[in-house]
Novice: 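After the structure tokens below, expect a handful of questions from me.
When reading the values below, keep in mind they use all heavy atoms of this one structure, side chains included, and skip hydrogens, waters and symmetry mates.
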Amino acid sequence: MRPLPRSFYDRDTLEVACDLLGRHLVHVVDGVARVGRIVEVEAYLGPHDKAAHSSRGVTPRTRVMFGPPGHAYVYRIYGLHWCMNVVTEAEGRGCAVLLRAVEPVAAITQRTNGPALLCRAMAIDGTCNTRDLCGGSLFIAKGSPSDPRAIVKRARIGVDYAGAWARRLLRFYERGNPFVSRP
DNA sequence: TGCACGATGAAC
DNA sequence: TTCATCGTGCAC
């Protein structure tokens, strides 16, 4: 179980988003590897994407989104939950993929069908922000990639304010998987 | 320095 | 449908 290389993330965000489905998200906590198989993601395409945090440009919070690929962007939402993204494409692009749901594989005891729920179940919080996913205790491994023919494309959740960008089909999930947050 | 609001989840 | 709860970004 080793981290996928940085080249995995240094590609077109849509490609990475689909390729992330079926991969294993791994977080080693107190010597125990918590593992979840990624089954739902959303792509955020950069500053021109009105629904992306990076659309406001480089700020203290979004700086990591504009950094090199293969790093974690973990932010607090509604003052009480955490959400995790992986940074994609070349440095400066401001692209990322939000992890929305995982299927429990190992050492998971709570619900994982939602971006904040998966963070809670895998003990991912603000201390994981800016973490390099290509070496360390938080990473993504090969897993069992989803069949491309089984990938469903839908509009992203909770971005109605983003006009036309809200209607783009940038949410991807594995068809029929019971751990998807909103099938 | 103040304030409106959110890539959510849970309860009602 | 409503609310919890607070960091962020932008207005002033």
Novice: Rounded to the nearest angstrom, tell me the gap between atom CH2 in W165(A) and atom P in dA7(B).
Specialist: 16 Å
Novice: List in chain and number order the residues that pass ring pair (Phe, Tyr, Trp, His ring centres under 6.0 Å) with Y75(A), two or more places apart in sequence or in another chain; answer none if no residue qualifies.
Specialist: H53(A), Y73(A)
Novice: Give, for atom OG1 of T59(A) and atom CZ of F66(A), the distance between the pair rounded to the nearest 0.5 Å.
Specialist: 8.0 Å
Novice: Could you state the interatomic distance from CG (L118(A)) to NE2 (H81(A)), rounded to the nearest 0.5 Å?
Specialist: 12.5 Å
Novice: With a 4.0 Å cut-off on N to O distance, would you call R175(A) and D147(A) a salt bridge?
Specialist: no
Novice: Between L14(A) and A43(A), what is the shortest heavy-atom contact and its length?
Specialist: CD2-CB, 4.0 Å
Novice: Within 45° of the axis and under 6.0 Å from the centre of the six-membered ring of Y44(A), does NZ or CZ of R156(A) qualify?
Specialist: yes
Novice: Taking the six-membered ring of F8(A), is NZ or CZ of R11(A) closer than 6.0 Å to its centre and within 45° of its axis?
Specialist: yes
Novice: Testing V97(A), L99(A), N85(A), I157(A) one by one against E42(A) for a side-chain contact (heavy atoms from CB on, under 4.5 Å), which residue passes?
Specialist: I157(A)
Novice: Looking at M1(A) and A141(A), what are the two nearest heavy atoms and their distance?
Specialist: CG-CB, 4.0 Å
Novice: Between atom CZ in R61(A) and atom P in dC6(C), what is the gap in whole Å?
Specialist: 16 Å
Novice: Which is true for R156(A) with a 4.0 Å heavy-atom rule: it touches a base, it touches only sugar-phosphate, or it touches nothing?
Specialist: nothing
Novice: Quick one: is dA7(B) close enough that its OP1 or OP2 comes under 4.0 Å of any side-chain N or O from Y161(A)?
Specialist: yes
Novice: Just checking R93(A): does its CZ atom have more than 12 heavy atoms from other residues, nucleotides or ligands closer to it than 6.0 angstrom?
Specialist: no
Novice: Taking Watson-Crick (N1-N3 plus N6-O4 or O6-N4) and G-U wobble (N1-O2, O6-N3), each under 3.5 Å, can you produce the dot-bracket string of DNA chain B? Use [ ] for crossing pairs and | for inter-strand ones.
Specialist: ||||||.||||.
Novice: On a heavy-atom basis, which atom in P145(A) and which in K142(A) lie closest, and how many Å separate them?
Specialist: CD-O, 3.9 Å
Novice: Between CG of L98(A) and CZ of R171(A), what distance do you get to the nearest 0.5 Å?
Specialist: 10.5 Å
Novice: Looking only at atom types and distance, does a side-chain atom of E40(A) sit under 3.5 Å from a main-chain N or O of Y173(A), one as donor and one as acceptor?
Specialist: no
Novice: How far does the P atom of dT5(C) sit from the matching atom of dG2(B), given to the nearest Å?
Specialist: 22 Å
Novice: State the CG-CZ distance between L138(A) and R34(A), to the nearest 0.5 angstrom.
Specialist: 12.0 Å
Novice: Is any side-chain nitrogen or oxygen of T59(A) closer than 4.0 Å to OP1 or OP2 of dG9(C)?
Specialist: yes
Novice: So if I take residues 172-183 of chain A and measure heavy-atom distances to DNA chain B, which residues fall below 4.0 Å?
Specialist: none
Novice: Supply the atom-to-atom distance C128(A) SG to W82(A) CH2, rounded to the nearest 0.5 angstrom.
Specialist: 9.0 Å
Novice: Can you check the M65(A) CE to dA7(B) P distance for me, whole Å?
Specialist: 11 Å
Novice: Which pair of heavy atoms, one from A121(A) and one from R111(A), lies closest together, and at what distance?
Specialist: CB-O, 3.5 Å
Novice: Residues from residues 35-56 of chain A sitting under 4.0 Å of DNA chain B, heavy atoms only?
Specialist: Y44(A), A51(A), H53(A)
Novice: Contact list please: residues 93-122 of chain A against DNA chain C, heavy atoms, distance less than 4.0 Å, in numerical order.
Specialist: none
Novice: Strictly below 4.0 Å, heavy-atom distances to any atom of DNA chain C: list the hits from residues 76-83 of chain A, or just say none.
Specialist: Y78(A), G79(A), L80(A)
